[in-house]
Amino acid sequence: MNKKLSIFGLLEIKNEKIINVEPLKGGVSCEIYKVDTATNSYCIKKALKKLRVEKDWYADPIRSYYEYLWLKKTKKIIPNSIPKVISYNRMKNYLIIEYLNMSRYSNLKEDLLKGKVDLNNLNTLAKKLIYIHKNLKSNYNKKIFQPHNFNFIKLRINPYLLELNKTYPELKKYINATVNLLRNNQHTVIHADFTPKNILVSKNKQIILDAETASYGDPSFDIVSLINHLIIKLLFVNKNKKNFVLALKKIFNTYHSNVTWEEKQDIIKRSKTLLPLMILARVDGKSPVEYIKNNKEKNKLRRIALDLIKIQNYDFDTFVNNL
């Protein structure tokens with residue numbers, strides 16, 4: 001067997017013989033490959049047990065299966081924004097999806113780091129997120145995804161939030177109360193990594209990827225994840241500030257004004273409570289933002305987050321206007 005023409009023991013995809021395998025740059029949590037046949041290209045993903053970060057960080061690779069389920073379900077809801085799912089191999093725990101030609105898309109994270117802020121794309125993302133949350137809320141989906149909540153704890157609650165107790169023991173009460181809010185408000189299926197790096201965009205299209213941590217939880221986590229990354233990039237990029245601010249206000253208000261499964265003010269309060277801890281998490285958690293390296297920038301984020309915690313019931317629009 002020519003190992004260059006196989007991947008995870010796989011020699012064919014859809015009866016098409018594999019002719020090339022190319023490792024792709026991915027995140028910290030999985031192996032990812034572009035696999036070519038004579039007629040098509042595919043993407044194969046396999047979740048890692050130990051994540052590629054400086055600190056020890058482990059999670060169950062079964063998350064590849066829950067990503068498969070999330071993709072299948074959301075494909076029915078927003079078909080043009082989800083890649084086509086080819087198959088999932090339960091025995092070897094790898095997922096095959098269509099390969100997306102990057103000549104047709106750009107990565108939202110890279111666009112934002114260049115100061116490119118497309119207000120229409122970002123607002124449409126907020127609308128799609130609310131549509132996903134509305135349509136995946138059901139007792140049936142709860143039974144399917146709630147068993148995977150343990151990986152949300154391992155990949156999000158522990159490394160992002162509870163890790164902060166080590167650096168900020170004075171915030172222990174606030175941190176633990178916020179964690180309890182997330183645990184006690186399991187309203188729908190959440191993506192749990194709804195961030196710019198996992199979104200591809202073109203002029204009138206958005207593709208949502210990498211739902212490894214999909215679980216049944218608090219939807220505020222998804223919208224705060226997106227908002228948090230925009231805030232950090234606004235401060236890091238230091239250009240096109242006006243559009244960053246407009247996008248932040250638009251996303252926050254578009255999403256929260258369309259909540260139907262609970263009182264709007266309840267989820268708004270949770271979002272505003274979670275946000276400062278998510279800012280701190282990307283500085284002092286287990287997965288710090290890789291492009292913010294100097295202490296001046298880190299301290300600015302810390303000050304912003306700590307000030308929000310002191311204020312607590314802050315007005316979001318006023319807050320972003322003053323960034």
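- Taking the side chain as every heavy atom from C-beta outward, I304 and F319 approach each other to under 4.5 Å.
- In terms of heavy-atom proximity, I44 sits nearest to I7 at CD1-CG2, 3.5 Å.
- When side chains are defined from C-beta on, I82 does not count as touching I207, because their heavy atoms never get closer than 4.5 Å.
- R90 forms a cation-pi arrangement with Y65, by the criterion of a distance under 6.0 Å to the ring centre and an angle within 45° of the ring axis.
- Annotation: side chain of L181 is in contact with side chain of T273 (closest heavy-atom distance under 4.5 Å).
- At least one donor-acceptor pair closer than 3.5 Å links the side chain of S257 to the backbone N or O of T254.
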* **Pair K205-N80, side chain to side chain donor-acceptor pair (under 3.5 Å): steps then yes or no** => CA-CA 8 Å; K205 195 171 183 180; N80 294 327; 5.4 Å; no
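- Between A192 and D222, the shortest heavy-atom distance links the atoms N-OD1, 2.8 Å.
- No side-chain heavy atom of N123 sits under 4.5 Å from any side-chain heavy atom of I251.
- Hydrophobic clustering places I190 together with I268 (ILVMFWY residues linked when any side-chain heavy atoms are closer than 4.5 Å, directly or through intermediates).
- With hydrogens and angles disregarded, no donor-acceptor distance shorter than 3.5 Å links the side chain of R63 to the backbone of F152.
- Residues E297 and N294 bring a donor and an acceptor atom of their side chains to less than 3.5 Å of each other.
- A donor-acceptor distance shorter than 3.5 angstrom exists from the side chain of S81 to the backbone of Q206, with no hydrogens or angles considered.
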* Walk me through it: do R302 and V283 pass the test side chain to side chain contact (heavy atoms under 4.5 Å, CB included)? => CA-CA 8 Å; R302 290 174 179 129; V283 181; 3.4 Å; yes
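- For the pair I199/F194, a side-chain contact is recorded, criterion being any heavy-atom separation below 4.5 Å from C-beta on.
- The two residues K172 and N165 come nearest to each other via the heavy atoms CA-OD1, 3.2 Å.
- With no hydrogens or angles considered, a side-chain donor-acceptor pair links K249 and N321 at under 3.5 Å.
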Going by atom type alone, with no hydrogens or angles, which donor-acceptor pairs under 3.5 Å involve a side-chain atom of residues 108-117 and a protein atom two or more places apart or on another chain?
{"unit_1": "K109", "atom_1": "NZ", "unit_2": "E290", "atom_2": "OE2", "d": "2.6"}
{"unit_1": "D111", "atom_1": "OD1", "unit_2": "S106", "atom_2": "OG", "d": "3.3"}
{"unit_1": "D111", "atom_1": "OD2", "unit_2": "S106", "atom_2": "OG", "d": "2.7"}

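- Using a 4.0 Å cut-off between charged nitrogen and carboxylate oxygen, K298 and D284 do not count as a salt-bridge pair.
- In this structure a side-chain-to-backbone donor-acceptor pair under 3.5 Å is missing from K17 to E12.
- The distance from atom OG1 of T195 to atom NE2 of H229, rounded to the nearest 0.5 Å, is 4.5 Å.
- No donor-acceptor pair under 3.5 Å is formed between the side chain of N89 and the backbone N or O of L95.
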* Asked: So F252 and H256, ring-ring contact (aromatic ring centres under 6.0 Å, His included) or not? Walk me through it.
  -> CA-CA 6 Å; F252 186 94; H256 290 99; 4.3 Å; yes
* Asked: Between T74 and I208, does a side chain to side chain contact (heavy atoms under 4.5 Å, CB included) hold up when you go through it step by step?
  -> CA-CA 10 Å; T74 51; I208 304 167; over 6 Å; no
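- Among Y94, Y68, Y66, W70, the one residue that satisfies the ring pair (Phe, Tyr, Trp, His ring centres under 6.0 Å) test with Y88 is Y68.
- Counting only distance, with no hydrogens or angles, the side chain of N151 and the backbone of D60 share a donor-acceptor pair below 3.5 Å.
- A pairwise comparison of heavy atoms in I175 and L161 identifies CG2-O, 3.5 Å as the closest pair.
- A donor-acceptor contact under 3.5 angstrom links the side chains of N198 and D193, judged on distance only.
- Among all heavy-atom pairs drawn from Y174 and T178, the shortest one is O-OG1, 2.8 Å.
- K72 NZ: 12 or fewer foreign heavy atoms inside a 6.0 Å radius.
- No hydrogens or angles considered: a donor-acceptor pair under 3.5 Å links the side chains of S29 and E212.
- Side-chain contact between I18 and L11 is absent, with no heavy-atom pair separated by less than 4.5 Å.
- The main-chain N or O of L182 is never found under 3.5 Å from a side-chain atom of R270 such that the two would form a donor-acceptor pair.
- Within the model, atoms CG of L200 and CG of N107 stand 6.0 Å from one another, a figure rounded to the nearest 0.5 Å.
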* Asked: Given the rule in the side chain to side chain contact (heavy atoms under 4.5 Å, CB included) test, do L10 and I96 qualify, once you have shown the distances and angles that lead to the verdict?
  -> CA-CA 11 Å; L10 185 68; I96 306 177; 3.8 Å; yes
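- Between K84 and E98 no salt bridge is recorded (no basic side-chain N to carboxylate O distance below 4.0 Å).
- In this structure the side chain of Y255 never reaches within 4.5 angstrom of the side chain of K127, judged on heavy atoms.
- Closest approach of M278 to S225, counting heavy atoms only: CE-OG, 3.8 Å.
- Using modelled atom types and a 3.5 Å distance limit, the side chains of N101 and R104 yield no donor-acceptor pair.
- For the atom pair CG (L274) and CD1 (I267), the distance works out to 10.5 Å, reported to the nearest 0.5 Å.
- Between the CD1 atom of I153 and the OG atom of S215 there is a distance of 9.0 Å, given to the nearest 0.5 Å.
- For the pair T37 (side chain) and E16 (backbone), a donor-acceptor distance under 3.5 Å is absent.
- Distance check: N149 CG to K154 NZ gives 13.0 Å after rounding to the nearest 0.5 Å.
- Side-chain contact between K45 and E67 is present, with at least one heavy-atom pair separated by less than 4.5 Å.
- Within a 6.0 Å radius of CE in M91, no more than 12 heavy atoms belonging to other residues, nucleotides or ligands are found.
- Side-chain atoms of N93 come within 3.5 Å of backbone atoms of P61 as a donor-acceptor pair (strictly under, hydrogens ignored).
- We find the CD1-CG distance between I77 and N135 to be 4.5 Å, quoted to the nearest 0.5 Å.
- Salt bridge absent: R183 and D218 never bring a charged side-chain N and a carboxylate O closer than 4.0 Å.
- L246 and I231 fall within the same hydrophobic cluster, defined by Ile, Leu, Val, Met, Phe, Trp and Tyr side-chain heavy atoms under 4.5 Å apart, directly or through other members.
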* To do: Could you please spell out the steps behind the side chain to side chain contact (heavy atoms under 4.5 Å, CB included) verdict for I32 and C43?
  => CA-CA 7 Å; I32 183 166; C43 178; 3.6 Å; yes
* Asked: Going through the checks in order, is the salt bridge (Lys or Arg N to Asp or Glu O under 4.0 Å) test met by K197 and D210?
  -> CA-CA 9 Å; K197 71 179 173 63; D210 295 341; 5.2 Å; no
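- Note that K272 lies in the cation-pi zone of Y314, set by a 6.0 Å cut-off to the ring centre and a 45° limit from the axis.
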* Asked: Are Y131 and H133 close enough, and set up right, to give a ring-ring contact (aromatic ring centres under 6.0 Å, His included), and what steps lead you there?
  -> CA-CA 5 Å; Y131 195 54; H133 287 164; over 10 Å; no
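- With N243 contributing its side chain and L119 its backbone, the two residues share no donor-acceptor pair below 3.5 Å.
- Cation-pi contact between K34 and Y99: present, with separation from the ring centre below 6.0 Å and deviation from the ring axis of at most 45°.
- Side-chain atoms of K233 and Y291 form a donor-acceptor pair, as typed in the model, at a separation below 3.5 Å.
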